[in-house]
Peer 1: 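Before we start, here is the structure in question, set down as structure tokens.
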Amino acid sequence: FDAVIVLDVNEGIWPSKLAITEEQLEQERRVFYVAITRARKKLVLLVNQTILGQAVAPSQYIKEMGL
């Protein structure tokens, strides 16, 4: 795809709060990797400051990517 937009790049969503084991967390990381590597020209990562009125942190994947 020329452009890819990934929504809600926040902890609890990327990776999912349901991913508990190391294997599940690694699967979440692979799915995220596939999503972001599909962009040929433009990648947009949308990060929320709050969800349903509660403060949320950016996904750990953003830091792992050096962003």
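By convention here, the first residue in the shown sequence is residue 1. What you are looking at is a predicted structure, and each value in this text was computed from that prediction instead of being measured.
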Peer 1: For A19 and L25, work out which heavy atoms get closest and say how close.
Peer 2: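 So the minimum-distance heavy-atom pair works out to O-CD2, 3.6 Å.
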
Peer 1: Give a yes or no answer on whether the side chain of Q54 reaches the backbone of I51 with a donor-acceptor pair at less than 3.5 Å.
Peer 2: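 Side chain of Q54 to backbone of I51, a donor-acceptor pair under 3.5 Å: no, none is there.
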
Peer 1: Under 3.5 Å, side-chain donor or acceptor atoms of residues 3-14 against the rest of the protein: list the pairs with distances, not counting sequence neighbours.
Peer 2:
residue, atom, partner, partner atom, Å
D8, OD1, N48, ND2, 2.6
N10, OD1, N48, N, 3.0
N10, OD1, N48, ND2, 3.4
N10, ND2, N48, O, 2.8
N10, ND2, A57, O, 3.2
E11, OE2, Q60, N, 2.4
W14, NE1, L7, O, 3.3

Peer 1: With heavy-atom distances below 4.5 Å as the criterion, would you say the side chains of L67 and K63 are in contact?
Peer 2: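 A side-chain contact under 4.5 Å is absent here.
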
Peer 1: Under the rule for side chain to side chain donor-acceptor pair (under 3.5 Å), what residues qualify as partners of T50, not counting sequence neighbours?
Peer 2: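 Partners of T50 by the side chain to side chain donor-acceptor pair (under 3.5 Å) criterion come out as none, since no residue qualifies.
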
Peer 1: Could you give the distance from CD1 (I36) to CD1 (I62), rounded to the nearest 0.5 Å?
Peer 2: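 If I round to the nearest 0.5 Å, the distance is 10.0 Å.
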
Peer 1: Does V47 share a hydrophobic cluster with L52, counting links as ILVMFWY side-chain heavy atoms below 4.5 Å and allowing steps through other members?
Peer 2: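 In one cluster: yes.
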
Peer 1: Could you list the residues that satisfy side-chain contact (heavy atoms from CB on, under 4.5 Å) with T37, not counting sequence neighbours?
Peer 2: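 T37 satisfies side-chain contact (heavy atoms from CB on, under 4.5 Å) with Y33 once adjacent residues are dropped.
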
Peer 1: Rounded to the nearest 0.5 Å, how far does CD of Q24 lie from CG of L18?
Peer 2: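 One gets 8.5 Å once the value is rounded to the nearest 0.5 Å.
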
Peer 1: Applying side-chain contact (heavy atoms from CB on, under 4.5 Å), name anything that partners R30, two or more places apart in sequence or on another chain.
Peer 2: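 Result, side-chain contact (heavy atoms from CB on, under 4.5 Å) vs R30: E26, Q27.
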
Peer 1: Go through the structure and list residues passing side chain to side chain donor-acceptor pair (under 3.5 Å) with E64, not counting sequence neighbours.
Peer 2: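 Residues passing side chain to side chain donor-acceptor pair (under 3.5 Å) with E64: R29.
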
Peer 1: Suppose we screen for ring pair (Phe, Tyr, Trp, His ring centres under 6.0 Å). Which residues come up paired with Y61, at least two apart in sequence or across chains?
Peer 2: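 Y61 satisfies ring pair (Phe, Tyr, Trp, His ring centres under 6.0 Å) with F32 only.
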
